[in-house]
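Lettering of chains follows the sequences in order, A, B, ..., and the numbering in each one begins at 1.
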2 protein chains.
Amino acid sequence: MKNKSKVSEPIQPCAVDYAFKRIGGKYKARILWYLNLKTVLRYGELSRTLPDITTKMLTQTLRELEDDKLIIRKMYHEVPPKVEYSLSDTGQELIPFIAHLHNWGKKQIANELLAHQTSQDERTARVCQNECGLD
Amino acid sequence: MKNKSKVSEPIQPCAVDYAFKRIGGKYKARILWYLNLKTVLRYGELSRTLPDITTKMLTQTLRELEDDKLIIRKMYHEVPPKVEYSLSDTGQELIPFIAHLHNWGKKQIANELLAHQTSQDERTARVCQNECGLD
DNA sequence: CTGTATCCGGAGTGATACTG
DNA sequence: CAGTATCACTCCGGATACAG
């Protein structure tokens, strides 16, 4: 049933596309996921949780998430500075989706390992022990 | 040949990250979504459904999805040529997740329109640029 | 501790023309 | 109809240094 472009109501963009633009960044889903698991995280904690991210990207990503009202930035004017990030209600609504994605990903990784097991035994152990530390 | 969608690196950091790499392309989620709604789509139909995609990107994206075993490509050796795309079982498993994302996106768009009703003209133009007629 | 500023290379994307 | 091929360009993201 595709009731589209009725003049009376605003034209709907592709909601999937819209949503993906909001959380499609390289680290966004991961950050949201970690924030969900830990409730609240400081800048340095996030930095350590994502070892492969640079300060520039982390700051930039956090800003975008904040601008999109997906996370809340709480700043303490202290010395030394302290900033805490947490999920907003809107961001919270994305958790089931990320959880589903997470489960799917784990399943796919497992299947991939099985498929390559004959020639990649060594790799298995390494891969399995290297997770994001917050699974 | 790019392996953006193929995750075959020795170390796999995080399931969320892994999953996003496989379906995080600019059009992948949308294509999967349309395939779910329509069950089966031909190349030209997809092209018309995504007005903003070029033939190059469409072909490239379809190839990646096929290589990742998320969609099935059925080719008829006829004249004129005919190719049909449909979801694979693995791809099917992603539908609940995309559905959730879709609902979330629709909700966000609605909120955005409400919040910015005063500047509706500008906002509408932006929102409408990716209308997809398959909501 | 929590960021900014700057430079830069390359992946990702687009426009156009061509083909079986 | 269903793609390929080529060139060009943007801009994401990394490295590094610096700042409040």
Side-chain angles (χ1 to χ4, degrees), chain A residues 14 17 20-31 34-35 38 40-68 71-86, chain B residues 1-9 11 13-14 16-18 20-31 34-35 38 40-68 71-86 129-130 132:
Chain A
C14 180
D17 186 48
F20 243 87
K21 284 180 180 171
R22 286 287 171 276
I23 62 168
K26 187 172 181 179
Y27 303 97
K28 288 189 178 179
R30 288 165 76 185
I31 290 179
Y34 300 152
L35 282 178
K38 290 292 190 178
V40 61
L41 283 171
R42 297 184 56 181
Y43 186 92
E45 293 174 317
L46 279 168
S47 183
R48 264 171 269 120
T49 309
L50 299 128
D52 55 331
I53 199 174
T54 60
T55 59
K56 171 192 168 184
M57 287 311 300
L58 179 54
T59 300
Q60 179 179 308
T61 305
L62 289 170
R63 287 282 175 282
E64 291 176 7
L65 289 172
E66 189 194 359
D67 291 344
D68 278 347
I71 65 172
I72 297 170
R73 182 172 185 268
K74 190 171 182 182
M75 196 171 165
Y76 300 83
H77 290 280
E78 304 172 350
V79 176
K82 175 181 173 184
V83 182
E84 288 180 345
Y85 295 93
S86 58
Chain B
M1 161 166 340
K2 58 213 302 225
N3 64 342
K4 161 193 133 178
S5 59
K6 198 73 184 136
V7 183
S8 52
E9 299 169 16
I11 300 294
C14 172
V16 173
D17 189 45
Y18 170 92
F20 243 88
K21 283 180 180 170
R22 283 184 68 167
I23 60 167
K26 186 172 183 183
Y27 304 97
K28 287 189 179 180
R30 288 165 76 186
I31 290 178
Y34 300 152
L35 283 178
K38 291 291 189 175
V40 60
L41 283 170
R42 298 182 57 179
Y43 186 92
E45 293 175 317
L46 280 168
S47 183
R48 264 171 269 121
T49 307
L50 299 125
D52 55 331
I53 199 175
T54 60
T55 59
K56 174 191 167 185
M57 285 311 299
L58 179 55
T59 300
Q60 180 179 307
T61 305
L62 288 170
R63 287 282 176 279
E64 291 176 8
L65 289 172
E66 190 193 358
D67 291 343
D68 275 349
I71 65 173
I72 296 170
R73 182 172 185 269
K74 189 171 182 182
M75 195 170 165
Y76 299 84
H77 290 279
E78 303 172 352
V79 176
K82 176 181 173 184
V83 182
E84 289 180 346
Y85 295 93
S86 58
Q129 69 182 2
N130 279 322
C132 68

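In terms of phosphate contacts, A:Arg48 brings no side-chain nitrogen or oxygen within less than 4.0 Å of OP1 or OP2 of C:dC1. Between A:Arg63 and the phosphate of C:dT4, there is a side-chain N or O to OP1/OP2 separation shorter than 4.0 Å. Regarding contacts with the backbone of D:dA2, a side-chain N or O of B:Arg42 is found under 4.0 angstrom from either OP1 or OP2. Contact annotation: A:Tyr85 reaches the phosphate of C:dG3 (side-chain N/O to OP1 or OP2, under 4.0 Å).
We find that CE of B:Met75 is positioned 7 Å from P of D:dG3, with the value rounded to whole Å. In this structure, B:Lys28 places its NZ atom 14 Å from C1' of C:dT13, rounding to the nearest Å. Put simply, CG on A:Leu62 is 10 Å from C1' on C:dG3, counting in whole angstrom units. Per the geometry, NE2 belonging to B:His77 stands 14 Å off P belonging to D:dA2, to the nearest Å. Spacing between atom CZ of B:Arg73 and atom P of D:dA2 amounts to 10 Å, rounded to whole angstrom units. One can place CG of A:Leu50 at 14 Å from P of C:dT2, the figure rounded to the nearest angstrom. Following rounding to the nearest Å, B:Leu46 (CG) and D:dC1 (P) show an atom-to-atom distance of 14 Å. If you measure from atom CG of A:Leu58 to atom P of C:dC1, you get 14 Å, rounded to the nearest angstrom.
Partners of A:Glu64 under the salt bridge (Lys or Arg N to Asp or Glu O under 4.0 Å) rule, at least two apart in sequence or in another chain, are A:Lys28. A search for side chain to side chain donor-acceptor pair (under 3.5 Å) contacts involving B:Arg48 returns nothing, not counting sequence neighbours. Looking at residues two or more places apart in sequence or on another chain, you find a side chain to side chain donor-acceptor pair (under 3.5 Å) between B:Glu84 and B:Tyr76. By the side chain to side chain donor-acceptor pair (under 3.5 Å) test, A:Thr59 is found to be paired with A:Tyr43, residues two or more places apart in sequence or in another chain being considered.
In this structure, the ring of A:Phe20 has its center less than 6.0 angstrom from the ring center of B:Phe20.
Using a 4.0 Å cut-off between charged nitrogen and carboxylate oxygen, A:Arg22 and A:Asp17 do not count as a salt-bridge pair.
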Q) For every nucleotide of nucleotides 10-20 of chain D, 5' to 3': is a protein heavy atom under 4.0 Å from its base (B), only from its sugar-phosphate (S), or from neither (-)? A) ---BBB----B
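Between B:Arg42 and B:Glu45 the shortest side-chain heavy-atom distance falls below 4.5 Å. At a threshold of 4.5 Å between non-hydrogen side-chain atoms, the residues A:Tyr85 and A:Leu46 count as touching.
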Q) For DNA chain D, what dot-bracket results from Watson-Crick or G-U pairs at under 3.5 Å, with [ ] for crossers and | for inter-strand partners? A) ||||||||||||||||||||
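Annotation for A:Val83 and A:Met75: closest pair CG2-CG, 4.0 Å, computed over non-hydrogen atoms.
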